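Every value quoted in this text rests on a predicted model; they were computed, and no experiment measured them. A note on names: the letters A, B, ... follow the listed sequences, proteins ahead of strands, and every chain is numbered from 1.
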Amino acid sequence: MTLRLEAINTGYGQVQILYDLSLEARPGEVLCLLGRNGAGKTTTLKAIMGLLPLRSGSITLDGQSLSDLPAHQVPGQGVAYVPQGRRLFTELTVAENIEIGLMTRGKSHRTRDRVLSMFPRLQDRLDQPAETLSGGEQQMLATARALCLEPSVLLLDEPTEGLQPSMIALIADTVRAMRTEGQAVILVEQRIDSVLALADRVAFIENGRGREVMDTADLRDDPSLVRKYVGI
Amino acid sequence: MDFGPHLLLAVLEGAVGAAVLALTALGLSLVFGVMRVVNVAHGEFFMLGAVVAWFIASPIAAHPAIGFVAALAIAPLVAGGIAVVVDRLVLKRVEYDPEATIVGTIGVLYIIQQSALMIYGPEARPVEPPFNHRIALPWVEWGDSGLSFYYPWGLSTTSYKLFVIVAAVAILVTFWSVMSRTRLGLIMRATQLDRETAVAFGIPVQRVYSIVFGFGAALAALSAVLIVPIQQAHYLMGHDPLLLSFIVVIIGGLGSVRGTVVAALLIGMSDGIISVFLSPTLSKILATLLVALVLVFRPQGLYGKKMA
Ligand SMILES: Nc1ncnc2c1ncn2[C@@H]1O[C@H](COP(=O)(O)OP(=O)(O)O)[C@@H](O)[C@H]1O
Ligand SMILES: [Mg+2]
């Protein structure tokens, strides 16, 4: 399904962070958001999840409004979120974290088995509190919890932050698998090599405003924009 | 009475107090844990439980057992229902801001208290216990002729007091199973741990808050129904349970179920024992001193998590 943000303005309380931001994420496509720290990437994903009220603009999924729904009904439409810093329910067990993901859209044990088969290391730790997992395992769990929604749109906020290369590869494989299944993926990622390897299109964000959106292939040919907006 | 039998009597009195205190404090702790709301009106929901129990039981005073059972079922529902209204009308309006909810619940405290004064009046009124047999307790003594059993004069309790202890334990176990074994419990625990992420996974946090606030008030009312055949209903009776619940929740660790139960046992038992042997005032002084020590040396309480 196509997720469309049209000229959204939002922020935290009185502080406006995003200004007239527009984006489109299409099915079977990985869209990467690039921008400096504090540019508003996380804020964009929170706005999509309905966690921040919009001052104006709209967010729609295949033409149906998401931004008019109460926040807790957004994931039910098939939008799953892997937050920055993972935000697991730390004192709950692995199985309970998974259970919450399944509950969101009333998915069955079949979904659970399929998701766990993608992350076998979680299978052995089902009764452990999530906080006792290693960083990589925690990221697996955060991803697994989101995949339990069987989402049509997947939002990933810096999923490789602080992970070892083997874990980064696993996350990349997962993202590719989602694209193959026809999901729309919005990925916030700081590693340019990962971005170039994974993204179909890249959208730059600067000071809460949308800048160029381009195909990854074009970016490979001319990386000057990366220097301009990310400063590398 | 000798020291031994006297101590047993004090422990029994303490156990009744501890059992009821554990239930009341659990309500306060649940609300703080999940909603981060310090409910200053918690004692008034306790009082409501007792007063409603009187309204239910007194017209059918000829059948104390029926009145009691009806009160046990209805009083928590009434208190819980009023709490849900308070959640919608007061707490939600101030967006659960920690400071604004303190001020708001202080207002609720006075509204409930003065309404009770207007409707129920200033008298203290008893509610008949459903049953109340005196049970003499035996004591053992090692005398000249070996081990001997006897019944010391004055060493007795009532079947109702024993029932209060058993009922409180049963309610605690039920509460614990709901929290750890059911879907509702899972949702409440997830909301407590991370409200925003809970919303991002479809949990209707607003509804969870209403349920939790109602549930917390119902626990207070339930413990009041249990204690009112021993204590009498009065419109100012909410003060002590509120104070003691705060003490318990601070010592046990905010939001920790285990800590709340352990601290309630500690405070309730010592309150009972010190009150019997020395004086009730001294026991409150010691409890307050203990809170001060906990705040200085272990601010997160016995089982609480250190704030990050
Ligand atoms: N909870 C918050 N309250 C107020 N301001 C915030 C909050 N979270 C983030 N901000 C501000 O919003 C801006 C964008 O932050 P964010 O979206 O997290 O950036 P990033 O692109 O690094 O993910 C920053 O200036 C940040 O300071
Ligand atoms: Mg961010």
Side-chain angles (χ1 to χ4, degrees), chain A residues 12-13 42-43 45-53 66 69-93 95-107 127 129-131 141-142 144-149 151 153-157, chain B residues 29-30 32-36 88 92-100 176-212 253-260 300-301 303-308:
Chain A
Y12 303 91
T42 298
T43 306
L45 299 193
K46 283 190 181 177
I48 296 171
M49 292 312 294
L51 299 172
L52 302 172
L66 287 184
L69 295 176
H72 71 269
Q73 288 180 10
V74 170
Q77 306 301 309
V79 187
Y81 183 34
V82 181
Q84 185 168 18
R86 309 186 253 278
R87 303 280 290 267
L88 295 171
F89 300 109
T90 48
E91 287 174 37
L92 304 188
T93 63
E96 286 171 330
N97 272 278
I98 295 277
E99 178 66 29
I100 285 176
L102 292 171
M103 258 164 31
T104 310
R105 298 185 79 198
K107 297 297 175 189
D127 295 324
E131 62 195 346
L141 180 54
R145 180 179 65 176
L147 294 185
C148 283
L149 276 69
V153 178
L154 182 64
L155 313 179
L156 292 145
D157 199 347
Chain B
S29 172
L30 177 74
F32 180 81
V34 177
M35 303 169 68
R36 304 280 132 181
R88 293 288 154 111
K92 184 183 172 189
R93 296 289 168 88
V94 296
E95 291 170 349
Y96 301 95
D97 173 78
E99 281 139 39
W176 182 83
S177 337
V178 168
M179 289 305 282
S180 59
R181 297 282 159 82
T182 68
R183 176 173 284 220
L184 178 65
L186 182 61
I187 287 173
M188 289 196 279
R189 284 182 292 145
T191 307
Q192 165 161 4
L193 290 168
D194 188 336
R195 176 201 157 123
E196 192 179 60
T197 306
V199 173
F201 283 87
I203 293 176
V205 163
Q206 177 60 55
R207 206 177 316 154
V208 174
Y209 280 6
S210 289
I211 292 171
V212 163
L254 291 164
S256 155
V257 172
R258 190 163 35 142
T260 302
Q300 75 272 30
Y303 290 92
K305 293 245 154 170
K306 270 209 173 81
M307 292 286 172

If every non-hydrogen atom of B/Val199 is compared with every non-hydrogen atom of A/Pro75, which pair is closest and at what distance?
-> O-CG, 3.9 Å

Between A/Met49, A/Arg145, A/Gln73, which has the largest tally of heavy atom pairs under 4.5 Å with chain B?
-> A/Arg145

Kindly indicate whether the side chain of A/Leu149, heavy atoms from C-beta on, has any atom under 4.5 Å from the side chain of B/Phe201.
-> yes

Heavy-atom side-chain contact between A/Leu92 and B/Arg189 under 4.5 Å = yes

Any idea which heavy atoms bring A/His72 and B/Ile203 closest together, and the distance?
-> CB-O, 3.4 Å

Any side-chain heavy-atom pair of B/Glu196 and A/Arg87 under 4.5 Å = yes

Rounded to the nearest 0.5 angstrom, the CD1-CE distance for B/Ile187 and A/Met103 is 4.0 Å

About how many Å separate OG1 of B/Thr191 and CD1 of A/Ile100, when rounded to the nearest 0.5 Å?
-> 8.0 Å

Interatomic distance, A/Glu91 atom CD to B/Leu193 atom CG [nearest 0.5 angstrom] | 5.0 Å

For B/Arg183, does the CZ atom sit with more than 12 other heavy atoms under 6.0 Å from it, leaving out its own atoms?
-> no

